Amino acid sequence: MTVAHSRRFSTAVKPIDISLLSKQLLQLGRTSNSDTFSEISRQREQLVSSLISTLDDCAGLNQIKQVHGHVIRKGLDQSCYIITKLIRTLTKLGVPMDPYPRRVIEPVQFRNPFLWTAVIRGYAIEGNILEAISMYGCMRKEWITPVSFTFSALLKACGSVRDLNLGRQFHAQTFRLRGFCCVYVGNTMIDMYVKCGSIDCARKVFDEMPERDVITWTELIAAYARVGNMKSAAELFESLPSKDMMAWTAMVTGFAQNAKPQEALEYFNRMEKSGIQADEVTVAGFISACAQLGASKYADQAVQIAQKYGYSPSDHVVIGSALIDMYSKCGNVEEAVNVFESMKYKNVFSYSSMILGFAMHGRAQEALDLFHYMVTHTAVKPNTVTFVGVLTACSHTGLVDQGRQIFASMHQMFGVEPTRDHYTCMVDLLGRAGRLQESLELIKTMSVEPHGGVWGALLGACRIHNNPDIAEIAAKHLFEWEPDIIGNYILLSNIYASAGDWDGVLSVRKLIKKKGLKKTPAASWVVDKNGQMHKFFPGNMNHPMSNKIQKTLEELVERLTVLGYKPDLSSVTYDVNDDGKRLILIRHTEKLALAFSLLTTSRDSTIMIMKNLRMCQDCHTFMRLASEVTGRVIIMRDNMRFHHFRSGSCSCGDFW
DNA sequence: TTAGGGTTAG
């Protein structure tokens, strides 16, 4: 697979037929009526040129060698034009440069700057900066003056290896010899600085450019988006005089990537209103934004948009992968599976999204089966995200041994180095399984410094297994990494509370107050069939139906008690008496949302509840038993994952 | 000759 193709790839590979042109070439010279040698030569050059052009779509090294054979046989291996074209084709097809160009350019007697530039550019795209520079040296030795393309290629090479110093040198050299000769040289310069991580330098070039085009703007907008600076991106975008589809797409995907889905949708709508059509990339950004909103209303909208533009998931891998993720996040993992199965071409994004989808719905075995299928039956190579998915699947179901094996195999079998994210999964896996000490030992063996994620996973596990001693170690580190995240302090406070250590609770509360942090109120919400959202807050009895909700809950508690339900008072971390605890429990937001759904939806429909924080143990038991007595399927999404309650049991197998 | 890309854990 070529670099160029793998990026844009969504269509099937077309076989190419070079036989016809080859035959014509063989006949040429024998049957030609041309009188002069130069005429024959010109015809040959044209024919060979079109032969090379046929390779442009897709071809392999063998076909290129075949064509090169024709070139030599027809005596065109000295033609600068033909050889330049051949090298450009090699580059376009991603065929490794070495040892081709050196051998191919050798016979060319009069090498012009375009030939050299094609070679330099080929090495640049390959990321072989040493050869690119060496070729530039050879070119200068022949006293050939570089053209703007040449500098563009050299700057590209610096960008592809992220060599800022070298990039600066070529910037200076370009400027000395050519100045801002063309917009695209400036554009390449901006791209180089962006790739080297120096957005300020890129901005400086932008500001100094005498002339800019929409590409100049889009590059910088995308660069700001990539570093999470959507404010600057938006400012720049608004001052862009003529916005094209790529520029709009940069904004849509930028907002989607920076967890601002609502803004992404707004920009998408604005784009359509201004009469610009979306393409596959824009639609994928739109879908990603809908996925983050996690509501079926948006899922329907995303599907409509994809259909409107004619992008079916079966033929468009980017759309398909985005839809898998979206359906999973909206709670409809079955539909995610349907999309996955309908896709004609699947890549690592499709597999990883599906594996993560299974993982977040507690379907660990399917996640593992898919992973094993992928590595044994397809050519798709797992990447770092794939492993996050598989390890998450293991940790959410307590598959400690499988998780360990996969973690070890990452590097050994697949050459993927474990990152802090993978350690986070492992700490979570061991921690949830109650192996807190082992978890802590694993953190000590890490080759990179553990970050907030790792310590957070350990602290979370300490909450499940009520271990204040290890919690204190984790919290100490975690508070250094994430001093302003209130949830971490609440976690520690709850651990102290469960252990009856009210002094500990008090000290954490003081810390929170000192830092001026505000507690995130718990909230649950459901969306009715009209797309209307109903949000519930703890103990909030202001809802128009609150009397009915309360009555429904009381009745439900009675029915559940027959099945053995006892309020789990340890889920309440306030220092109040037992009656107070019972009252707090029955007014947990997800229970209010459940009662509302029971009152307002038909008996055969699935109930879908969303929550912004982790569900407590009592609510989990409550939902499980409620699914039994009511005969309803309840899907509950908390801040981490989905639980599917059906006939008295949960998809997580009560391990969560 | 230059631009936009979908999946990431506690």
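Here the structure is a predicted model, which is why all the values come from computation and not from measurement. Below, read A as the first sequence line, B as the second, and so on, with proteins coming before strands; counting in each chain starts at 1.
Counting only residues at least two apart or in different chains, salt bridge (charged side-chain N to carboxylate O under 4.0 Å, His left out) contacts with residues 238-251 of chain A comprise A:E238-A:R270. Within the structure, salt bridge (charged side-chain N to carboxylate O under 4.0 Å, His left out) pairs that include any residue of residues 444-470 of chain A comprise A:E441-A:K444 (at least two apart or interchain). Counting only residues at least two apart or on different chains, the salt bridge (charged side-chain N to carboxylate O under 4.0 Å, His left out) pairs with a member in residues 187-197 of chain A are A:D191-A:K195. Judged as a salt bridge (charged side-chain N to carboxylate O under 4.0 Å, His left out), the pairs with a partner in residues 339-357 of chain A (not counting sequence neighbours) are, in order, A:D315-A:K344.
The stretch residues 190-197 of chain A touches DNA chain B through A:D191, each having a heavy atom under 4.0 angstrom from the strand. Near DNA chain B, defined here as any heavy-atom distance below 4.0 Å, the residues from residues 450-470 of chain A are A:G452, A:G453, A:G456, A:A457, listed numerically.
The six-membered or imidazole ring of A:W656 lies near that of A:H620, with a centre-to-centre distance under 6.0 Å.
Residue contacts shown for A:T218 include a base, since a base heavy atom lies under 4.0 Å away.
Closest to the side chain of A:T249, from the set B:dG4, B:dG6, B:dA3, is B:dG4. Proximity note for A:R88 (side chain, C-beta onward) versus B:dT7, B:dG4, B:dT1: the nearest is B:dT1.
Within the 4.0 Å cut-off from OP1 or OP2 of B:dT2, at least one side-chain nitrogen or oxygen of A:K156 is found. Under 4.0 angstrom from either OP1 or OP2 of B:dA3 there lies no side-chain N or O belonging to A:T216. In this model, the phosphate group of B:dT8 is approached by a side-chain N or O of A:K329 to a distance below 4.0 Å at OP1 or OP2.
Evaluation of the ring-ring contact (aromatic ring centres under 6.0 Å, His included) rule for A:Y193 yields A:H171 as partners, not counting sequence neighbours. A:E272 is linked by a salt bridge (Lys or Arg N to Asp or Glu O under 4.0 Å) to A:K308, counting only residues two or more places apart in sequence or in another chain. Under the salt bridge (Lys or Arg N to Asp or Glu O under 4.0 Å) criterion, A:E126 pairs with no residue at all, not counting sequence neighbours.
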